[in-house]
Amino acid sequence: MMKPWILPAALALALAPLAVVHPVRVSGRSMEPALHDGSLRLALRAWVSHAPRRGEIWLVEGPHGPTVKRVLGLPGNSVAWTGPDLWVNSQRLDEPWVVHPEREGRGRTGCGDGYLVLGDNRPDSQDGRSWGPLPAKALRARIL
């Protein structure tokens with residue numbers, strides 16, 4: 001006779017990896033060409049990942065729900081954008097992932113204790129340019 005705890009233990013063991021790595025479906029065109037609408041990616045949950053680093057792509061909890069964006073401003077940074085150029089702490093940031101830059105954007109923000117996240121396809125992205133920096137708890141998982 002099978003022990004009553006074996007089935008729940010086997011199920012827990014089988015599902016355990018989902019507690020650390022889980023699938024994320026990209027919605028929208030804001031991360032093109034790096035990630036396309038409908039693509040499926042794996043994400044490492046924030047509680048097992050290192051702190052977000054500039055240039056990494058993360059699943060974040062934005063004002064309108066979960067979305068995938070690139071981390072560009074770190075806590076303590078000052079970020080400004082003038083047309084297609086992004087400046088972090090008065091240094092122009094090289095962004096080889098941006099194929100569709102914002103041509104007429106202008107703005108400046110201090111990150112404070114938060115993270116500024118932007119889409120790679122700037123003309124088609126709702127992101128930190130309008131939301132401002134997000135708190136660390138809003139960064140849910142690092143896209144692998």
Least distance between heavy atoms, Pro33 atom then Val99 atom: CG-CG2, 3.5 Å
Side-chain contact, heavy-atom cut-off 4.5 Å: Val68 with Val24? yes
To the nearest 0.5 Å, how far apart are CG in Leu72 and CZ in Arg54? 7.5 Å
For Ala80, what residues pass the side chain to side chain contact (heavy atoms under 4.5 Å, CB included) criterion, not counting sequence neighbours? Trp87, Arg108
Quick one: list whatever passes side chain to side chain contact (heavy atoms under 4.5 Å, CB included) with Arg53, sequence neighbours left out. His50, Glu56
With Arg29, which residues qualify under side-chain hydrogen bond (donor to acceptor under 3.5 Å, both in side chains), at least two apart? Glu32
Kindly give the heavy-atom pair with the smallest separation between Val79 and Gly73, and that separation in Å. CG2-CA, 3.9 Å
Shortest non-hydrogen separation from Cys111 to Pro75 and the atoms involved: CB-CA, 4.4 Å
Would you find a donor on one side and an acceptor on the other, under 3.5 Å apart, between the side chain of Arg106 and the backbone of Thr82? no
For Val71, which of Leu134, Val117, Val60, Ile57 qualifies under side-chain contact (heavy atoms from CB on, under 4.5 Å)? Val117
Give every donor-acceptor pair under 3.5 Å between a side-chain atom in residues 136-144 and any protein atom, sequence neighbours left out.
{"residue": "Arg140", "atom": "NH1", "partner": "Lys137", "partner atom": "O", "Å": "3.1"}
{"residue": "Arg142", "atom": "NE", "partner": "Ser49", "partner atom": "OG", "Å": "2.9"}

Arg25: partners by salt bridge (Lys or Arg N to Asp or Glu O under 4.0 Å), with sequence neighbours left out: none
Once side chain to side chain contact (heavy atoms under 4.5 Å, CB included) is applied, do any residues pair with Pro63, and if so which ones, sequence neighbours excluded? Trp131
With sequence neighbours excluded, residues passing side chain to side chain contact (heavy atoms under 4.5 Å, CB included) with Ser30: Lys69, Ser125
Taken in chain and number order and not counting sequence neighbours, the residues that satisfy side-chain hydrogen bond (donor to acceptor under 3.5 Å, both in side chains) with Asp37 are none
Of all pairs that satisfy side-chain hydrogen bond (donor to acceptor under 3.5 Å, both in side chains), the ones with a partner from residues 115-124, not counting sequence neighbours: Arg70-Asp120, Glu95-Arg122
Flag side-chain contact, heavy atom, 4.5 Å: Leu118 against Asp127: yes
Which value, rounded to the nearest 0.5 Å, describes the distance between Leu74 atom CG and Asp113 atom CG? 12.5 Å
Measuring from Leu93:CG to Trp81:CH2, what's the distance to the nearest 0.5 Å? 13.0 Å
I'd like to check Leu116 versus Asn77 (side-chain heavy atoms, cut-off strictly below 4.5 Å). Are they in contact? no
Shared hydrophobic cluster for Trp58 and Met31 (ILVMFWY, side-chain gaps under 4.5 Å): no
